Amino acid sequence: SHGDQIKPVVVGRGGTDHRWIVEKIEEDQPNIVLILSDCYTEWPKERPAPASVPILILHPADHGDLPEWDHVDIEMLEQFGDEGSREGSR
């Protein structure tokens with residue numbers, strides 16, 4: 001056995017506000033920031049981390065506006081819906 005498959009559970013669906021990221025980054029000072037979002041949000045006006053800290057935004061193909069500040073844009077190839085993950089995927 002390769003372990004249990006995990007079925008993702010999506011909660012919420014709307015009203016996300018990513019502006020809190022600025023405070024959290026200042027507090028934790030991470031080496032990298034990974035944001036998973038549908039991008040239907042109000043992004044902070046300023047880049048929330050120094051230029052030396054990469055910010056990666058992982059989003060579905062159908063998404064809202066991306067922030068205007070420098071980031072790495074990563075489109076998910078597959079979305080999970082009610083059907084969960086594919087059989088046999090590892």
Side-chain angles (χ1 to χ4, degrees):
S1 172
H2 289 87
D4 296 330
Q5 287 189 355
I6 298 172
K7 182 175 181 178
V9 177
V10 179
V11 295
R13 299 287 188 180
T16 305
D17 184 348
H18 286 101
R19 292 177 293 180
W20 64 270
I21 292 172
V22 175
E23 292 175 18
K24 190 67 175 162
I25 289 172
E26 288 175 358
E27 188 178 297
D28 293 351
Q29 298 182 0
N31 294 322
I32 188 168
V33 176
L34 174 61
I35 301 170
L36 286 77
S37 177
D38 61 6
C39 300
Y40 292 102
T41 185
E42 185 171 333
W43 296 102
K45 300 289 183 208
E46 301 286 325
R47 190 177 196 277
S52 61
V53 176
I55 299 178
L56 290 74
I57 301 175
L58 182 65
H59 59 78
D62 178 23
H63 61 83
D65 295 331
L66 290 162
E68 294 181 13
W69 32 263
D70 183 41
H71 65 278
V72 177
D73 178 14
I74 306 170
E75 183 176 303
M76 288 185 275
L77 298 178
E78 187 173 322
Q79 294 184 42
F80 293 106
D82 294 334
E83 68 279 355
S85 62
R86 293 188 321 247
E87 286 295 318
S89 62
R90 294 188 181 128

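On a predicted model such as this, the values are computed, not experimentally measured, just so you know.
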Flag yes if [X] and [Y] sit in one hydrophobic cluster, no otherwise; membership is Ile, Leu, Val, Met, Phe, Trp, Tyr, and two members link when side-chain heavy atoms are under 4.5 Å apart.
| X | Y | result |
| --- | --- | --- |
| Val33 | Ile74 | no |
| Ile21 | Leu36 | no |
| Ile35 | Tyr40 | no |

Distance from Met76 atom CE to Asp38 atom CG, nearest 0.5 Å? 8.5 Å

Rounded distance [0.5 Å steps], CD in Glu23 versus CD in Glu26: 7.5 Å

Sequence neighbours excluded and cut-off under 3.5 Å, please list the side-chain donor-acceptor pairs for residues 43-59, or say none.
unit_1	atom_1	unit_2	atom_2	d
Trp43	NE1	Asp65	O	2.8
Arg47	NE	Asp70	O	3.0
Arg47	NH1	Ala49	O	2.8
Arg47	NH1	Pro50	O	2.7
Arg47	NH1	Val53	O	3.2
Arg47	NH2	Val53	O	2.9
His59	NE2	Asp73	OD1	2.2

Might you point out which heavy atoms bring Ser37 and Pro60 nearest each other, and give the distance in Å? O-CD, 3.3 Å

